[in-house]
Amino acid sequence: MDPHLLRTFVAVARLGSFSAAAGELGYTQSAVSQQIAALEHDLGATLFLRRPVRTTDAGARLLEHAGPILLRLGAARADVARLSGPPTAAVVLQVTPLAALDAPALAAAGRSMPRVALTVGVAARDAVAAAVATGGADLGLLDGVTAPSDPLPLPDAGPLTTRTVAEEPVVVALAAGHPLAGRRSVRLADLADARWLDAPAIATPLPQLRALARAEGFRPGLTYTGSDRSTLLALVAAGAGLALLPASAAADGSAAVPAVGVAEPRLVHRTELVHGSLTAAARAFVAAWGH
């Protein structure tokens with residue numbers, strides 16, 4: 001399957017328009033139509049219905065495969081480039097919003113390597129993993145909630161090395177007037193009927209909550225697409241919904257909100273360092289950073 005055709009297919013499916021995909025990819029609309037026709041001929045299946053443009057059942061299934069396929073191709077290209085390309089004097093670190101970042105140690109490592117340009121950025125979990133896999137970042141700090149013996153879930157992006165940096169308890173953050181505000185702990189499944197704050201870029205995503213609790217429910221009370229911790233806590237304090245957070249995040253300074261421990265299932269909030277093949281500069285930086 002030609003990856004160029006697959007990328008064009010993903011763009012049309014995402015944008016719902018041949019002309020919009022052509023504008024984004026720098027092709028003519030005719031070229032996009034020809035590429036989709038070539039892919040449909042190769043697969044022996046119709047992938048799109050026209051007017052309006054939408055995927056067929058076959059197209060929807062291909063779309064499920066397309067993201068991981070393209071991510072793995074990008075990861076392979078980046079891995080080869082890191083191992084065979086010229087040495088660089090730059091290190092890019094991508095961090096998720098609630099990752100346990102030891103800022104003093106990071107700054108000290110940067111000062112010890114004055115010839116290395118260090119860039120730190122913040123992004124959502126999937127974006128950090130994809131950036132590390134495809135060469136957009138040398139290192140990633142990812143956070144998430146999991147069972148004590150389980151790794152954090154990562155997208156299928158090829159061989160990535162992970163290392164635990166920090167772990168801490170998780171809590172359910174809630175408004176001061178909530179009936180559970182005085183409790184010491186609660187079973188997560190008992191909160192399946194509560195209203196939750198849907199903030200997948202920073203709090204535990206609702207589908208993962210259902211999987212952890214092994215229960216349906218966990219309805220969104222409000223959706224927050226940002227990644228600012230103070231805004232998240234302000235929304236929780238205002239009663240917009242509950243959020244499963246690391247204990248340190250719920251007790252974050254003046255924006256602190258009441259929090260209840262999770263008795264069942266056993267869960268931890270973990271931060272992991274993630275990387276692929278390291279450049280010489282990235283390897284030296286990790287050693288200086290103490291990770």
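Side chains are part of it too, since the values below use all heavy atoms of this structure and drop only hydrogens, waters and symmetry mates.
Membership of the apolar cluster around Phe18 extends to Met1, Leu5, Leu6, Phe9, Val10, Val12, Leu25, Tyr27, Val32, Ile36, Leu39, Leu43, Leu47, Phe48, Val53, Leu62, Leu63, Ile69, Leu70, Leu73, as traced through chained side-chain contacts below 4.5 Å between ILVMFWY residues.
For the atom pair Thr96 OG1 and Leu98 CG, the distance stands at 7.0 Å (nearest 0.5 Å). Distance check: Leu180 CG to Leu191 CG gives 6.0 Å after rounding to the nearest 0.5 Å. In this structure, OG in Ser248 is found 6.5 Å from CZ in Arg229, a value given to the nearest 0.5 Å.
Using a 4.5 Å cut-off between side-chain heavy atoms of Ile, Leu, Val, Met, Phe, Trp and Tyr, with links allowed through other members, Leu174 and Val257 fall into different hydrophobic clusters. Under the 4.5 Å side-chain contact rule for hydrophobic residues, Leu197 and Ile202 share a cluster. Linking Ile, Leu, Val, Met, Phe, Trp and Tyr whenever their side-chain heavy atoms come within less than 4.5 Å leaves Leu245 and Leu242 in two separate clusters. When the side chains of ILVMFWY residues are joined at heavy-atom separations under 4.5 Å, either directly or via intervening members, Val262 and Leu152 end up in two distinct hydrophobic clusters. Under the 4.5 Å side-chain contact rule for hydrophobic residues, Val95 and Leu106 share a cluster.
Under the rule for a side-chain hydrogen bond (donor to acceptor under 3.5 Å, both in side chains), Thr119 has no partner lying at least two apart in sequence or in another chain.
Listed for the Arg283 side chain is a donor-acceptor partner under 3.5 Å among the backbone atoms of Leu278. A donor-acceptor contact shorter than 3.5 Å is absent between the side chain of Asp143 and the backbone of Thr271.
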Exercise for the section: Just do the side chain to side chain contact (heavy atoms under 4.5 Å, CB included) check on Leu141 and Leu273 with the steps written out, would you? Expected result: CA-CA 5 Å; Leu141 273 184; Leu273 177 69; 4.2 Å; yes
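Between Arg14 and Glu24, at least one side-chain nitrogen of the basic residue sits less than 4.0 Å from a carboxylate oxygen of the acidic one, meeting the salt-bridge criterion. Residues Arg266 and Glu264 are not paired through a salt bridge, judged by the lack of any N-O separation under 4.0 Å between the basic side chain and the carboxylate.
Across every non-hydrogen atom of Ala137 and Gln94, the tightest pair is CB-CG, 3.5 Å. Ala199 approaches Leu232 most closely through the heavy-atom pair CB-CD1, 3.8 Å. Contact detail for Met113 and Ala288: the closest heavy-atom pair is SD-CB, 4.2 Å.
Atom CG of Asp2 is surrounded by more than 12 heavy atoms from other residues, nucleotides or ligands within 6.0 Å. Crowding of Arg184 atom CZ: a count of heavy atoms from other residues, nucleotides or ligands under 6.0 Å not exceeding 12. Heavy atoms of other residues, nucleotides or ligands lying less than 6.0 angstrom from CG of Asp150 number more than 12.
Between the side chains of Ser17 and Ser19, at least one donor-acceptor pair of N or O atoms lies under 3.5 Å.
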Ignoring hydrogens and angles, write down the donor-acceptor pairs under 3.5 Å from the side chains of residues 209-218, residues two or more places apart or on other chains.
residue	atom	partner	partner atom	Å
Arg210	NE	Gly217	O	2.8
Arg210	NH2	Gly217	O	3.4
Arg210	NH2	Phe218	O	3.3

